[in-house]
Amino acid sequence: MSHLYGTAGADSTSVTLACDCLAHRLGNAGDHGMRVRRYLTDMSDAEWAAVRPLLPVPGWLRGRGGQPEGYCHRTMLDAIRYLVDNGTKWRAMPADFPPWDRVYAFFRRWRDHGLVKELHDRLRGKVRQRRAGIRSRARA
């Protein structure tokens, strides 16, 4: 199985789902319901479409054990973006996000495994490819 999120497991990429993250499609995130997007830091659908295929596949989907994740990956990323942008404390996160300790555990796991840097590098590479394509078309 691929280590990239967009190519993992389920074939469905239907936009009719409330969320198309792996935690909703294959995990237990549906147990917690969907939150209404209301903060300036929340990802737009276009941003989510760009980020989603670059996310690493959770260990439980690669046969490394553990439980399926219980919270939406998009919501977790929105919570981290909110925290970084507003400079709040973990415990002061708004109540419509998952519990602060679950968001922190998600962030800490990614940080400790180098996944935050990996996601940053993938996004940077995507931007550079897009810019190189624009430059080459402009020269033609």
Side-chain angles (χ1 to χ4, degrees):
M1 180 174 287
S2 171
H3 293 275
L4 293 178
Y5 193 93
T7 57
D11 296 328
S12 171
T13 56
S14 171
V15 292
T16 59
L17 294 173
C19 181
D20 62 349
C21 75
L22 292 178
H24 268 104
R25 292 188 335 200
L26 304 172
N28 297 325
D31 295 348
H32 297 285
M34 292 295 296
R35 64 177 276 277
V36 176
R37 306 215 176 284
R38 63 178 64 156
Y39 303 107
L40 294 174
T41 55
D42 287 346
M43 282 187 282
S44 68
D45 290 339
E47 288 173 319
W48 173 244
V51 168
R52 188 180 63 83
L54 303 176
L55 297 177
V57 174
W60 57 272
L61 281 175
R62 290 188 283 155
R64 293 185 20 215
Q67 294 181 335
E69 295 177 0
Y71 292 97
C72 172
H73 295 163
R74 182 174 178 173
T75 299
M76 295 297 242
L77 291 174
D78 283 342
I80 293 167
R81 286 171 50 127
Y82 178 88
L83 180 94
V84 169
D85 185 63
N86 292 293
T88 61
K89 297 177 182 176
W90 286 102
R91 292 177 189 244
M93 216 176 309
D96 60 330
F97 286 120
W100 75 268
D101 59 334
R102 298 295 22 157
V103 178
Y104 180 68
F106 181 88
F107 170 76
R108 189 182 62 231
R109 184 173 62 244
W110 277 36
R111 182 197 62 202
D112 293 350
H113 289 91
L115 300 177
V116 172
K117 182 182 180 326
E118 183 179 335
L119 176 61
H120 176 266
D121 292 347
R122 289 179 184 178
L123 286 170
R124 183 182 57 225
K126 201 171 180 182
V127 168
R128 287 181 176 172
Q129 286 176 344
R130 185 174 297 144
R131 284 187 181 165
I134 291 171
R135 284 187 201 132
S136 65
R137 282 183 289 213
R139 290 181 192 147

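Keep in mind that this is a model prediction, so the values were computed, not measured. Along the sequence shown, residues carry numbers from 1.
- Counting only heavy atoms from C-beta outward, the side chains of Arg74 and Asp45 approach each other to under 4.5 Å.
- Across all their heavy atoms, Met76 and Arg102 have their closest contact at CE-O, 3.3 Å.
- The distance from the CE atom of Met43 to the CH2 atom of Trp48 is 5.5 Å, given to the nearest 0.5 Å.
- Interatomic distance, Arg91 CZ to Tyr104 OH, rounded to the nearest 0.5 Å: 11.0 Å.
- Scanning all heavy atoms of the two residues, the minimum distance from Thr88 to Leu83 falls at O-CD1, 3.2 Å.
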Mind running side-chain contact (heavy atoms from CB on, under 4.5 Å) on Asp78 and Thr41 for me, showing each step along the way? CA-CA 7 Å; Asp78 283 342; Thr41 55; over 6 Å; no

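- Listed by chain and number, the residues in a ring pair (Phe, Tyr, Trp, His ring centres under 6.0 Å) with Tyr82 are Tyr39, Phe97 (sequence neighbours excluded).
- Arg131 is listed as a side-chain neighbour of Val127, based on a closest heavy-atom distance under 4.5 Å.
- In this structure, CZ on Arg52 lies 12.5 Å from CG on Leu77, to the nearest 0.5 angstrom.
- The shortest heavy-atom contact between Ala79 and Val103 is CB-CG1, 3.8 Å.
- In this structure, the side chain of Asp42 engages the main chain of Arg38 through a donor-acceptor pair within 3.5 Å.
- Take Trp110 and apply the ring pair (Phe, Tyr, Trp, His ring centres under 6.0 Å) test, not counting sequence neighbours, and it matches Phe106.
- Separating the CG atom in Leu40 from the CZ atom in Arg81 is a distance of 10.5 Å, to the nearest 0.5 Å.
- Residue pairs that meet the salt bridge (Lys or Arg N to Asp or Glu O under 4.0 Å) test with at least one member in residues 106-116, sequence neighbours left out, are Glu69-Arg109.
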